*Asks:* 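Could you have a look at this structure, given as structure tokens, before my questions?
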Amino acid sequence: MNKKMVFYILKRIGLGILTYLIVVTVTFWVMQLVPGGPWTREKALSDAVIAALNQRYGLDQPLFVQYLRYLGRAMIGDFGVSYYYKGREVTEIIFNGFKYSLGIGAAAAVLALIVGVALGTYAATHQNKFFDRAIMVLTTASVAMPSFVTALILLYIFAVNLRVVPTSPVGVDGIGPYILPVIAASLYPTAYITRLVRSSTLDVLGQDYMRTAKSKGLKPERVLMKHGLRNSVTPVITYFGPMFASIITGSLVIEKVYQLPGVGREFIRSIQNRDYPLIMGTTCLLALLLIIFTLASDIAYIIVNPRVDFD
Amino acid sequence: MKKNPLSFQIDVDKFGSASESEKRSTNLMRPNSTFFMDGVRRFIKNPVAMVSFCFIVILLIMVFIVPLFYPYSYDEVICYRYVERPDPSFNRLMPFTFAQAEKDAIANGVYVPPHIFGTDSNGHDYFIRILVGARTSLIVGFFAAAIVLIIGGTIGALCGFIGGKFDLIVMRIVDVIYSLPDILIIILLSATLSAVFDGNQGGALAQLGSGFVAIFVVFALLYWVGMARLVRGQVLALRKQEYVMAARANGAGTGRIILKHLIPNTMSVIIISAALQIPSAIFTESFLSYLGLGVKYPTPSLGSLASDAQSYIVGNNPKELFLFLIPAISICLIVLSLNLLGDGLRDAFDPKLQK
């Protein structure tokens, strides 16, 4: 690690904190734009009740004071209590949902990595053969399909028609209900990683050190594994941040399709319920996770690939 | 005339008129080709891109012209043509079939236009809804791309030209915006805007639907940064080119350099990158519509049509599956052909990127 690298990492961390502050600020002020306030219900509450509620949640303070308070608490991950679920902490509701979302997201990411790297490498080493062409056509087609379409089609084929997995997790034990969500969530990243690895492997295969390794008498598989893969997989590291983002985005849809009680479904519900602290908390926490992942993948990239240019 | 062989005196005999064969040698073998024409030729030779291009053109003609003279309109409940009260027998008709009242009308010699894709569960003609839905999605895409092009292009060009402190500050802002989570902000904004619009019904923006406006706002606020970086990079790279220096040395002003050198040389890259924003905006719109944050009924978009029809999937009613499949396949085909078209344009007009 040289000086430039440390400076770069510090700069990135600073930028990450700044981004988080901006997200918190934006969510706070955007929510202030909503007319009606959090107590707008089908049945109108009396003024006295609203005043009491406002006092209880600190909403009678001037806006700027509310903002500073909110900012201060958001920095330590405290987003207050939900207005809709009586007496439950926002953080607790979110982490309850995270059990499902994170499990599915992590499984989807691992699946996408393994399948993507394998397919991409195979396609590159068999360039322009039938299998390579087929992979390219499939990946091109699958990046053009919205995630809810693939999720619903999978649901129709495997759960509704073939009945190999249950359609909903309600009252079902085991991993059965989570197989389709993982596959659906991994399709887009798999296609992306496959294309990424294919093009970077093609690049690596033409390098001089590959020829040198081959001329030393190494077996082709060993050349590919030892010298090729390490270099061809480095670009995938930069995709970790965006992949996490796409999995989060996908989880909103996938949890709706498969009726999973994850954080995405909670987020959509909180919007319908006008549960302000939950909306703001979910946005901020997801953004924070996203920022951390992007930061981690950027730092990992420069550690793995020291040739990177810092300008 | 006697002449010293070392003399510089001009030999007048060498300045006669050219012979026929000499004239022929200056003829052009073929007309001059511009960069643009080269690109067009490369593009036409690419079958995938040409098929996508034709598909998009046919689609554009269909979605903008057919609704003008189609016998049904997208928000018309058909049963009111025949009966006073809502009639469920008009709902979810199969393609090219008629409800009983329509059959009676046909028996009486009245011409009843066919329902090419049948009708949906609200008794609308589905074909026109699909067409108008595709139109909505395409309009979202084109406008979003235009917003990105205008805002990002202007800011990027200014950064490249002015440079210095201005460039530094704007680029730091770009860095921050780049790492904002776009989808979360879109959802947050569209949820907020839908609450705002619920307050004032009937406004022009409220008619469009909150998701629509949120997409445009977010594209205007967040997505310009990629374009700004691209344009700035292009301008900085081109300013160092020798031919720009040559033009300047020949006395060309900034205006002429921008008009004659910078714009023609950056336009292709920039427009292609803007074109690739179109499918991404269509994607975002369908995603929001699926979550119920998109366009407002009765305005259809492909995403909202697919979302409305998703109950037939879980209900396992294969007869009605087409209500889901038609909009779903339409989105896939449109996004796929726009992606392939963008790739084809990039290959044709940006040969530097080719391997």
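Predicted, not measured: the structure shown is a model, and the values here were computed from it.
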*Asks:* Between A:T19, A:L15, A:V143, who has the most heavy-atom pairs with chain B when the cutoff is under 4.5 Å?
*Replies:* A:T19
*Asks:* Under a 4.5 Å cutoff for heavy-atom pairs, which residue among A:V30, A:L290, A:T27, A:V26 has the most contacts with chain B?
*Replies:* A:V30
*Asks:* Does A:Y67 have more than 12 heavy atoms from other residues, nucleotides or ligands lying within 6.0 Å of its OH?
*Replies:* yes
*Asks:* If you count heavy-atom pairs under 4.5 Å with chain A, which of B:I334, B:L340, B:I331 comes out on top?
*Replies:* B:I331
*Asks:* When rounded to the nearest 0.5 angstrom, what distance separates CG in B:L336 from CE in A:M145?
*Replies:* 9.0 Å
*Asks:* side-chain contact (heavy atoms from CB on, under 4.5 Å) for A:T140 and B:N339? Distances and angles first, verdict last.
*Replies:* CA-CA 9 Å; A:T140 312; B:N339 276 338; 5.8 Å; no
*Asks:* Side chain, backbone, both or neither: which part of A:Y20 has a non-hydrogen atom closer than 4.5 Å to chain B?
*Replies:* neither
*Asks:* Determine the interplanar angle of the A:F148 and B:Y290 rings, folded into 0 to 90°, and report it as parallel if under 30°, tilted if 30 to 60°, perpendicular if over 60°.
*Replies:* parallel
*Asks:* Any idea which of A:T294, A:L286, A:I153 has the most non-hydrogen atom pairs under 4.5 angstrom with chain B?
*Replies:* A:L286
*Asks:* Could you have a look at B:S337, B:P279, B:S286, B:A328 and say which one has the most heavy-atom pairs with chain A under 4.5 angstrom?
*Replies:* B:S286
*Asks:* Would you indicate whether the side-chain heavy atoms of B:L291 and A:L252 approach each other to under 4.5 Å?
*Replies:* yes
*Asks:* Roughly how far, to the nearest 0.5 Å, is NZ of A:K256 from OG of B:S307?
*Replies:* 5.0 Å
